[in-house]
Each structure stands twice: as C-alpha cells, then as structure tokens.
Student: 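Questions regarding the structure given below will be posed in turn.
What's counted below: heavy atoms across the whole structure, side chains too, no hydrogens, waters or symmetry copies. Whatever order the structure lists them in is the order used to number ligands and atoms, beginning at 1.
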Amino acid sequence: MASIDAGNSISLQHNSRDAHTIAIFVGVLVPVLFFFLFTNMKNRRQRGVRVEVGGETGLAFRNSQYPTLLEIPFEGASTIAALFEQSCKHHEHARLLGTRKLINRQQEVGEDGKPCERLHLGNYEWITYGGAFKRVSNFASGLMQLGHKTGQRTAIFAETRAEWLIALQACFRCNITVVSIYPSLGGEALALSLNETEVSTVICEQKQMQKLIDISQHLDTVKRIVYMEDKGITTESSVSRTSSHWTVSSFSEVESLGRQNPAKPNLPVPADIAVIMYTSGSTGIPKGVMMTHGNVVATTAAVTTIVPELSSEDIYLAYLPLGHIFELAAECTMVAMGCAIGYGSPSTLVDSSNMIKKGTKGDAPILRPTLMTAVPAILDRLRDGVRRKVETKRNISRKLFDISYRRSLAAIEGSWNSGWAVEKLLWDKIVFRKIRAILGGHVRGLLSGGAPLSEDTQRFVNICIGAPILQGYGLTETCAGATFSEWDDSTVGRVGPPLPNCYVKLVNWEDGGYMTNDSPMPQGEIVIGGANVTLGYFKRKVETNEVYKMDERGTRWFYTGDIGRFHPDGCLEVIDRKKYIIKLQHGERVPLGKVEAALVVSHYVENIMLNGDHLHSYCVALVVPSLKALETWAQREMLVYNDFEDLCQKKEAITEIHLSLMKVAKQANLKNFEIPKKIKLLPHPWTPDTNLVTAALKLKRGVIQQTFEEELKELYN
Ligand SMILES: Nc1ncnc2c1ncn2[C@@H]1O[C@H](COP(=O)(O)OP(=O)(O)OP(=O)(O)O)[C@@H](O)[C@H]1O
C-alpha cells in the first residue's frame, strides 16, 4: 500500500509538475510566441510592391493589394454628382449634415486683453441624406432660376459648414465648375482669383460680404452674390450698397426659388472639371488646379480602402478648410460611405478653444466623433495642451501618466512584456480616458496630412487618443491622396504605401544627390501617376507643362518637387521639398521642414521657421513661443517683465527656449548642423490672417523671410 501510495504520490507530483509545465507553456510561452509571430508578420508585410510603368526611368511602386488602379468607389459612381445621388438613395434616412445650434454670441475680453467673440453653442441639428439631396436639388434649380448658366463658374468663399457641401453638390448637379477660395484670402488675392477664373456667382458667408464690397470696383465678371445666413450678423446696409452692382440673394431664398421652379439636372461626365482649387500658396502665389470629377472620385475610391469598416455608424468631425483638398477629399469619402458629418471649427473644437464661451462645450465633446482629420500643426497643439495639463497635476498623477505612457510606448514598440490587454484596459481607465474625453472619447482613427508630422507628436497623440494616427501624403495637384499609412502599421514618420489609385515613382535628383540606387534605401524626387493626377494649372500652360507629363502608356504623371525614400516594405518617407533642402556653406544639406517638425515638439514652441543658406555655416530660427508655457516658466523663475513682448526679449527666456530646442533635437537624433545656433523670439502668433501661414497652417517661408528680414540679419551678426 505504502509503495502504491508512494507511487501514487510520486505520479501525482509528476502530474502536477507536468500540469505546471503545460500551464507555463500555455499561459506564457504561447502568448509570447504568438506575439513575436504576429508582430513579425505585421512588420514584415509588404505594403507596396515594385511595378513596371512607363515614362521617365525610375523606381515605381504600387499598393500591394491592388494590381490594377482603382478609379471609382462603386459601379456607376464615376462623378461626384453620381456618387452623391447614389449615396443619398442608399442612406436616405441616415444622418448626413450636422450643425450646432447657435444660442448666442458675446463680446468678451481675451487673455491677451484684446476684445474677442465667444459663442454659446448648443447641440447638433441634423439633416438626413434624403433631406440633403432635396436641399441640393433645390439650390441647383434656384441657381439656374437666378440666371446662372452651365459653363459659367461659381466661387465658394466660406468657412467649412454644411452649406459649403450643399452648394458644391448643387453646382455639380448642373455641371458648374466651382472655384474654391479660402476665407482668409486678402482683398487683392481674392480679386485676382475671382477675375482669373471669370466667376459669375459668388457663394459666400454673410460675414465675408464686406470683403467683396471692398473690392467690388475691381471685380470684372461677378454678377450675383448668394450669402449663407449667419444668426446674429446683420448685413442690411452692405446688401443694399451692393445691390446696384450685383443681384444679392440669401442661401434660403435661392433654395425656395428652386423649390418653386424645379429644373432638370444637367449631370457631368468624369472628364468635366469639378473644381478649380488654389494651392495653399506656401511656396509662392497660389495656382488654380483643375480637378475633374474623375480625379475626385478616384481619390474617394482609394481613401475608402484606408479606414476599415467605414459606415453610417461613423461620425466625422469636419473643421479643416473645405477649400483645401485634404478636407474636400475626406468629406467626399464620408459621403460615399454613408457617414454622418458634424461641422465644427478650429476655434470651437474643444472646451478650451478660444471662441467657446466659458462653461460650455466644444464641438468634439458634443459630437463624439469616431473619425477626424488634422493637419500636423493642430496635432502639435493637442499634444502641447495635454502635456501642459499633465504638468499642472499633482506629483502622483504626473508620475502615473509617465508610467502609463512609457508602458504603452514600449508595447507599441514591440516589447513583449508590456501592453497586454488587462494592463491596457487599466491605463485606459485610469489615465487616458480623461484625455480622450477632450475629443469626445470615441475617436477610432485620425488622419493627418498636408505637411510633415513629427514622430513624437504622432506617437504621443496615438497613445493618448488610443487610436491610429494615419499619415497621408499628397498635393492639390494629385487631388490629395498619393500615399497613406495603413491602419495596422504602428511605425511613425512614414506616409505609407501608394494609394490604390496611383503609382509612386522615385526619379534621380542628381543636383541634390538623391539617387534611386542610394543605399540603404532608394531616394529621389517623388513622381505620382494615375487617375488622381489633375489636369494642370488654370491658364498656366507653361507651368503645367513643366510638371505634368503624359507617358507612352497614357499614364499622367506629376513631378511633385518633393524628395522621398522607399522603405523595404514599400512605404514612403518624405524627406522634404527640393526647395526646402538647403545647403550650408560647407555643403551640409538641411531639410528645413523635417527639422522644424522635430523642433516644434518643444512645449515652448507655437511656431518655428528654420533658416539657413550657402553663405553661412549654421542655421538660425525664428520662434513664436507659446504664451502659456513661457509665462508659466517665467513666473516659476520669478523673472520680472512688463508684457509678453518684453519677456520675448529677455536673455534668460531665449536661453531657456534654446536649451529646450537642443534637447528635443537630440531626442530626434538631429545632426549638429541642423540645430539652430541662434534664435529670435517673436511675440505675435502666426495665423492665416497675418499672411505668414496658409489656411492649412503651413509656413509661407518667403513672406516670413521678408517680414523678419532685419531679425534674420541680426541673427547672423
Ligand atoms: N505627409 C506629408 N509629409 C510631408 N510633407 C507633406 C505631407 N503631405 C503634404 N506635404 C507637403 O505639402 C505639399 C502639398 O501641399 P498643398 O498642395 O497643400 O499646397 P502647397 O504645395 O503647400 O502650396 P503651393 O504649391 O502654392 O506652394 C507637398 O508637396 C508636400 O511638400
């Protein structure tokens, strides 16, 4: 018995040891093995593949999932008008356009002591796809009734709002080409673009009327104005003053005119020009790009493949300028998939936005979007806002944030022992939930584009928002999209493989020394070919022929002037624009935009422009400091100063910001010659109104260099 007992106990011990081993194997090794397998598979996936194409010799890639180029999102949707009509029928009862109710406007005094307007906004009020289709049809009929003829052009001169999209779609139903104009455009540029494109009807916001009145003597072709009504803004006097020149009608008058006089649509074909869109103007005078319906639907088709399971369950927050192709393409994509679009603005986006009345809610927390777009400057601000908020917290909360951030970062970067589901849930619940609430708490994807995004910002926002930050690369000339990083690609600093609607080719830039046989990665000028490449610049044949080329196989190529490199998995990294890669006195090359994107990570920096040239051996920088960050530091240091302007002159402030720039430069592995040796602090913000940045918040280098010529000279003394 005893031996049996002993044997039993031994075999029991054996069994329990075996069970233990199995448990360890199943509980630890299997997940670890799976983790490595999965991570490897994800990281090794070939996202872009080589392709043989026509035209200039180079190295071309296409999207690995699409052997042939995608041109339309659905059967029959070959124009934006047809796509809109199909979607409205298919999603008739789903919500399409949401606008916040304006409760009142109030004049207050801002933090800087200047008067400012604050808005008390209520909930979103919605129009369904069916309702929007009726309004579009009515507005289209109304325009015809007013006397606007097919073949004449309209201009939309307004901030992003539901009526923008209604007017745009209405024009397309009558095959009218729309000229899109940024509301921040100054009088002279406004007159120039309206005259150049021979616009007959301007559709604007009530608040933009005065700008038109001021230049009315210089407008050669405008015959009528349709203004979008704004609650609480009166234009009676302006309307009567202009009536001698133009026919002036309100948006709702045109709709009701159309309702009473329905007209047959005159639908476009894919080759018709849908939009003449002006480029941002970051490198000079904006050029009008002619985009066909075919171009826009090709972009729409491609972008629908980027966001998984895009559907009428999705809510998109629209607030970037619709006059920029990035926003227009995003909204067309949302419409194609039946999503709801809630309108907001950069100055009312979150609770702390400068036009939101204290104690009331920003657009995002009310709308609770699932998808958003952003330009890098906005993501940088979001990151700074979160960092500032964390800094004001008690020591323990700060520590908790740091730990959770570090652990989440390690998980994303592939550490096997962090970021497991339970741990992730814990950090989400106790740390990140509050940050996510800033944008409503439901964002599942954020699309960034239009300019270089710093790796630090991309990662920071990705972790804090808990959603992928997809980076896209494209130009107005390529109808936004050329490449987009993919949903499951957790790397930063790259812009993904080619979109399924185009090829992306690198060609040698010998003068700059970027060659397709460079090692370890091929480099060169980025050339884009496919259905999204637009017709060219309006009335600028010479410039068009310089950068647009048709190859022997019928593919249209656009030479972007940007320099990039392809990673082994077929993803593109944009190095910078040719124009922005400058050579210093001793021949070192500095990609200004890329370096600025790394330096803007300093929490002291609101805006920065790096400057360098072949006459000097070092770079310098003009910096607009963040008022909040610099003043908080100055108070902590008990520095005495009169006002912000005075603070920006203080040696201590300059040194503090310079040190911070050097720190972030080191973290981003910048080379010594890329780091500015001297800096100048400028107290006034660079906004589109100052003409120092574009409507999409990109630097206008030429204008900045001219405006601060003296300051730059001083920095080189
Ligand atoms: N993800 C990105 N990373 C880096 N640069 C980008 C990215 N997306 C866009 N860009 C830059 O933006 C440029 C396209 O910008 P856009 O079409 O808005 O007008 P613009 O080129 O700034 O204006 P203009 O042609 O009048 O100077 C590209 O050529 C590229 O330099």
Side-chain angles (χ1 to χ4, degrees), residues 180 182 185 189 192-193 275-289 291 295 299 306 320-330 373-380 446-455 457-458 469-485 492-499 504 525-528 532-534 536-538 540 543-544 546-548 558-565 571-581 591-598 600 688 691 693-704:
S180 69
Y182 291 116
L185 214 60
L192 211 86
S193 32
V275 183
I276 298 177
M277 179 171 280
Y278 279 86
T279 56
S280 317
S282 47
T283 56
I285 295 170
K287 299 164 286 243
V289 175
M291 262 168 218
N295 294 147
T299 294
I306 293 302
L320 293 176
L322 254 165
H324 193 260
I325 188 58
F326 187 41
E327 181 63 26
L328 189 83
T373 41
V375 289
I378 289 186
L379 293 180
D380 290 334
L446 224 151
L447 316 184
S448 165
L453 174 65
S454 93
E455 294 183 9
T457 304
Q458 188 174 7
I469 314 295
L470 309 186
Q471 198 182 172
Y473 160 74
L475 304 92
T476 314
E477 290 88 335
T478 60
C479 202
T483 72
F484 234 114
S485 59
V492 287
R494 314 186 312 159
V495 293
L499 277 168
V504 176
E525 179 177 357
I526 305 167
V527 186
I528 297 161
N532 57 336
V533 175
T534 53
Y537 302 119
F538 187 69
R540 293 184 196 199
E543 282 106 319
T544 300
E546 278 168 12
V547 283
Y548 288 86
F558 178 73
Y559 284 68
T560 65
D562 291 315
I563 301 297
R565 64 168 72 109
C571 286
L572 184 73
E573 181 186 339
V574 181
I575 296 170
D576 217 325
R577 289 186 135 168
K578 265 185 190 176
K579 288 181 187 163
Y580 299 165
I581 302 178
L592 299 175
K594 197 93 179 168
V595 174
E596 284 157 358
V600 85
N691 196 33
V693 291
T694 68
L697 305 176
K698 290 201 265 189
L699 301 182
K700 289 189 172 179
R701 282 178 200 282
V703 184
I704 297 174

Student: Do Asn295 and Thr534 pair up side chain to side chain, a donor and an acceptor below 3.5 Å, judged on atom types alone?
Tutor: no
Student: Tell me the residues surrounding ligand 1, counting only those with a heavy atom closer than 4.0 angstrom, sorted by chain and number.
Tutor: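 Contacts of ligand 1 under 4.0 Å: Thr279, Ser280, Gly281, Ser282, Thr283, Lys287, His324, Gly450, Ala451, Pro452, Gln471, Gly472, Tyr473, Gly474, Leu475, Thr476, Val495, Asp562, Val574, Arg577, Lys698.
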Student: Would you say the side-chain atoms of Thr544 pair up with the backbone N or O of Arg540, donor to acceptor, closer than 3.5 Å?
Tutor: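 Yes; at least one donor-acceptor contact below 3.5 Å.
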Student: Excluding sequence neighbours, so at least two apart, what forms ring pair (Phe, Tyr, Trp, His ring centres under 6.0 Å) with Phe558?
Tutor: Tyr548
Student: Are Asp576 and Ile563 packed together at the side-chain level, in the sense that at least one heavy-atom pair is separated by less than 4.5 angstrom?
Tutor: no
Student: Considering only NZ, NE, NH1 and NH2 on the basic side and carboxylate oxygens on the acidic side, decide whether Lys578 and Glu525 come within less than 4.0 Å.
Tutor: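 Yes.
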Student: In plain terms, say whether Lys594 and Glu573 are close enough for a salt bridge, that is, a side-chain N and a carboxylate O under 4.0 Å apart.
Tutor: yes
